[in-house]
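Just follow the structure's listing: the first ligand is 1, and inside any ligand the first atom is 1.
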Amino acid sequence: MIYLDYQATTPLAPEARAAMLRWLADDGFANPHSAHRMGRAAAAAVEVAREQVAALLPPGGRVVFTASATEALNLAIRGGQGGPVAVSAIEHAAVRDTARWQGIDVELPVGSDGVIDPEAVLPDGARLVAVMQVNNEIGTIQPVARLAERAKAAGALFLCDAVQGGGKLAPPRGADLIALSAHKLHGPKGIGALWVRDGVNLTPLIHGGGQEGGLRSGTLSPALCAGFGAAAALAAARMEEDAAHVSALWDAAREVLSRWTLNGSETLRWKGNLNLRLDGLDVSRLMSECRGVMFSAGSACASGSGRPSHVLRAIGLGDAQAKTSIRLGFGRYTTREEVVEACRALDAAAKAQGA
Ligand code: PLP
């Protein structure tokens, strides 16, 4: 089995697992919001984790733990004041659908290279501009520093979904709100974070015990927090090494799949994301013929959702081209041998189809 679906989720780092086990052990079950000794020990572990996650983010803000990046993004969008929200045409559903649900969606256009125009017109009176750091489907890196600067000049807050860039790239500059997800950076599923710049006020979506400074009620899981923290610390320590490894994997994959066409910019990208298309390819057939390779159909924006990809459409691909696209995602724990073997298998199966 070769796992090439790093954008969907990443393998849990052994260091993160070890950090979690301490809080899953017999004496690790205390409520971190309890005042007694066991509770205080758990709370201390949560605060260590908060610092570790904060180290991936800019100074001058606080980290609010949530159950997922989806929740963090909902809090950022729905927890603000009313007024137009501008979101890029290639945002994840967690941003797009939340903005749409509010009924005030203004879409910022994207070029055929998968990069948002940094000078895109922002709506008058916008209160929030949301653009992701790295696209989850095609891996393109967005000009978020410039867009944040322009949002600020227009009097709007800037929200950056840094789920796919967190722990891999430097944090987005100039953002007021940043969302992260632990499971995309080798931490556990079930925990995310919203970074909130000092001075930005949000209204909670979840009411109750007043945890997380009243912004997000609910008992925190010390195990999940500790796993997230350890994964964040490891990502910070290995950022350059991981990027170099991923770049070498990219070169190896591109060499084997040289006849395939890349979707999205070749240069402005996280190289752990390889979204490719090949004329005449039947992707469902490829998936069943290459069961040992875990990869995604490029045409589905959320695996298994069956919804056609709004990202591939936004960069100008027709349905036929989108349907012949696949997404390969690799990272820290993928070996060169795995990438070469998987790409050879995919290419051979595609050839056998006549593609
Ligand atoms: N934003 C992006 C860019 C993502 O790729 C994902 C997950 O696929 C999310 C948000 C949602 O993250 P979570 O799974 O933590 O809710």
Test item: His245 side-chain N/O and Tyr333 main-chain N/O as donor-acceptor pair under 3.5 Å: no
Between Ser296 and Gln7: side-chain donor-acceptor atoms closer than 3.5 Å: no
Pairs flagged by side-chain hydrogen bond (donor to acceptor under 3.5 Å, both in side chains) wherever residues 75-88 is involved - sequence neighbours left out: Asn74-Arg78, Ser88-Glu91
Partner set under ring-ring contact (aromatic ring centres under 6.0 Å, His included) for Tyr6, not counting sequence neighbours: Tyr3, His186
Would you mind listing each N/O atom of ligand 1 next to any protein N/O under 3.5 Å, plus the distance?
from: ligand 1; atom 1: 1 (N); to: Asp161; atom 2: OD1; distance (Å): 3.3
from: ligand 1; atom 1: 1 (N); to: Asp161; atom 2: OD2; distance (Å): 2.6
from: ligand 1; atom 1: 5 (O); to: Gln164; atom 2: NE2; distance (Å): 2.8
from: ligand 1; atom 1: 8 (O); to: His92; atom 2: NE2; distance (Å): 3.3
from: ligand 1; atom 1: 8 (O); to: Lys184; atom 2: NZ; distance (Å): 2.6
from: ligand 1; atom 1: 14 (O); to: His183; atom 2: NE2; distance (Å): 2.9
from: ligand 1; atom 1: 15 (O); to: Ala69; atom 2: N; distance (Å): 2.9
from: ligand 1; atom 1: 15 (O); to: Ser181; atom 2: OG; distance (Å): 2.7
from: ligand 1; atom 1: 16 (O); to: Thr70; atom 2: N; distance (Å): 3.0
from: ligand 1; atom 1: 16 (O); to: Thr70; atom 2: OG1; distance (Å): 2.5

Test applied, side-chain hydrogen bond (donor to acceptor under 3.5 Å, both in side chains); reference residue, Arg216; option that passes from Gln211, His207, Glu71: Glu71
Got a list of side-chain donor-acceptor pairs under 3.5 Å for residues 13-30, not counting sequence neighbours?
none

